[in-house]
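Scroll down for the structure; my scribbles are underneath it.
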Amino acid sequence: MVSKEQNGALAWYLIKMPFYKYATFTGRARRAEYWLFVLSMIVIATTIGMFVDLLYYGVDDMHRYHVSGHFYDNGTGRFEAHWDIHPGWGWAGWIKMLMTIGLAIPFIAVTTRRLHDSNKSGWTQLLYLIPILGWLLMILFLVTEGNDGRNQYGEDPLKADE
């Protein structure tokens with residue numbers, strides 16, 4: 001029986017493991033490692049993105065961050081469209097771009113290792129380039145249980161953790 005402390009320690013281990021294996025494209029990753037990493041990546045990216053936006057735009061200016069539009073009659077009988085899009089890229093955009101690039105490398109690496117667990121090549125990720133069908137196939141591959149025992153990419157990560 002696994003205690004709550006051991007279970008919590010395992011979850012923390014699985015979240016931080018992809019960052020330790022930042023650009024390791026060899027080996028296999030179990031489902032829990034992959035999905036906990038994806039969850040942590042979403043939380044990290046959202047938190048940092050919101051913080052950077054708050055610093056850059058300020059509380060009063062955050063409403064301008066969204067695209068809005070309206071049509072009105074300019075008096076000539078024709079309607080004109082006006083769109084309010086927050087102008088400029090600014091330093092906030094550059095920070096978020098660097099964060100995205102920084103998180104993309106471990107995401108691609110852990111996805112490669114996750115695909116290896118079901119004996120698929122990391123190049124299978126190119127399916128992401130096919131809208132809808134490719135995305136659905138990738139989700140199917142990523143939620144599917146990996147192969148039991150050793151495969152061409154290494155030992156079974158479930159057996160290695162025991």
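Just so you know, these numbers use all the heavy atoms, side chains as well, and skip hydrogens, waters and symmetry mates.
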Distance check, rounded to the nearest 0.5 Å: [X] atom [atom1] versus [Y] atom [atom2]?
{"X": "L142", "Y": "T124", "atom1": "CG", "atom2": "OG1", "value": "9.5 Å"}
{"X": "L136", "Y": "M138", "atom1": "CG", "atom2": "CE", "value": "11.5 Å"}
{"X": "N151", "Y": "D156", "atom1": "CG", "atom2": "CG", "value": "8.0 Å"}
{"X": "F107", "Y": "M41", "atom1": "CZ", "atom2": "CE", "value": "5.0 Å"}
{"X": "E155", "Y": "R28", "atom1": "CD", "atom2": "CZ", "value": "8.0 Å"}
{"X": "T100", "Y": "I95", "atom1": "OG1", "atom2": "CD1", "value": "11.5 Å"}

Does one hydrophobic cluster hold both [X] and [Y], with members joined at side-chain heavy-atom distances below 4.5 Å?
{"X": "F51", "Y": "V43", "answer": "no"}
{"X": "L137", "Y": "I130", "answer": "yes"}
{"X": "I139", "Y": "V110", "answer": "yes"}
{"X": "I42", "Y": "V143", "answer": "yes"}
{"X": "W123", "Y": "L140", "answer": "no"}

List the atom of [X], the atom of [Y], and the distance in Å for their closest heavy-atom pair.
{"X": "G122", "Y": "T112", "result": "CA-CG2, 3.7 Å"}
{"X": "I108", "Y": "Q125", "result": "O-NE2, 3.3 Å"}
{"X": "R31", "Y": "T144", "result": "CD-O, 3.8 Å"}
{"X": "F37", "Y": "P106", "result": "CZ-CB, 3.8 Å"}
{"X": "A29", "Y": "P157", "result": "C-CG, 4.1 Å"}

Exercise. Taking atom CD1 of I101 as the centre, does the number of heavy atoms from other residues, nucleotides or ligands within less than 6.0 Å exceed 12?
Worked result: yes
For this session: Among L54, T47, T46, find the residue that satisfies the side-chain contact (heavy atoms from CB on, under 4.5 Å) test when tested with M50.
Result: T46
Problem set entry | Residue pair L115, S121: steps toward the side-chain contact (heavy atoms from CB on, under 4.5 Å) verdict | CA-CA 6 Å; L115 290 168; S121 168; over 6 Å; no
For this session: Would you indicate whether the side-chain heavy atoms of T111 and F25 approach each other to under 4.5 Å?
Result: no
Exercise. Is there side-chain contact between Y34 and D117, with at least one heavy-atom pair below 4.5 Å?
Worked result: no
For this session: On the 0 to 90° scale, with breaks at 30° and 60°, tag the H116-Y153 ring pair as parallel, tilted or perpendicular.
Result: parallel
Exercise. Going through the distances and angles, do F141 and L127 end up as a side-chain contact (heavy atoms from CB on, under 4.5 Å)?
Worked result: CA-CA 11 Å; F141 293 155; L127 286 172; 3.6 Å; yes
Exercise. Is it true that R114 and E33 have a side-chain N and a carboxylate O under 4.0 angstrom from each other?
Worked result: no
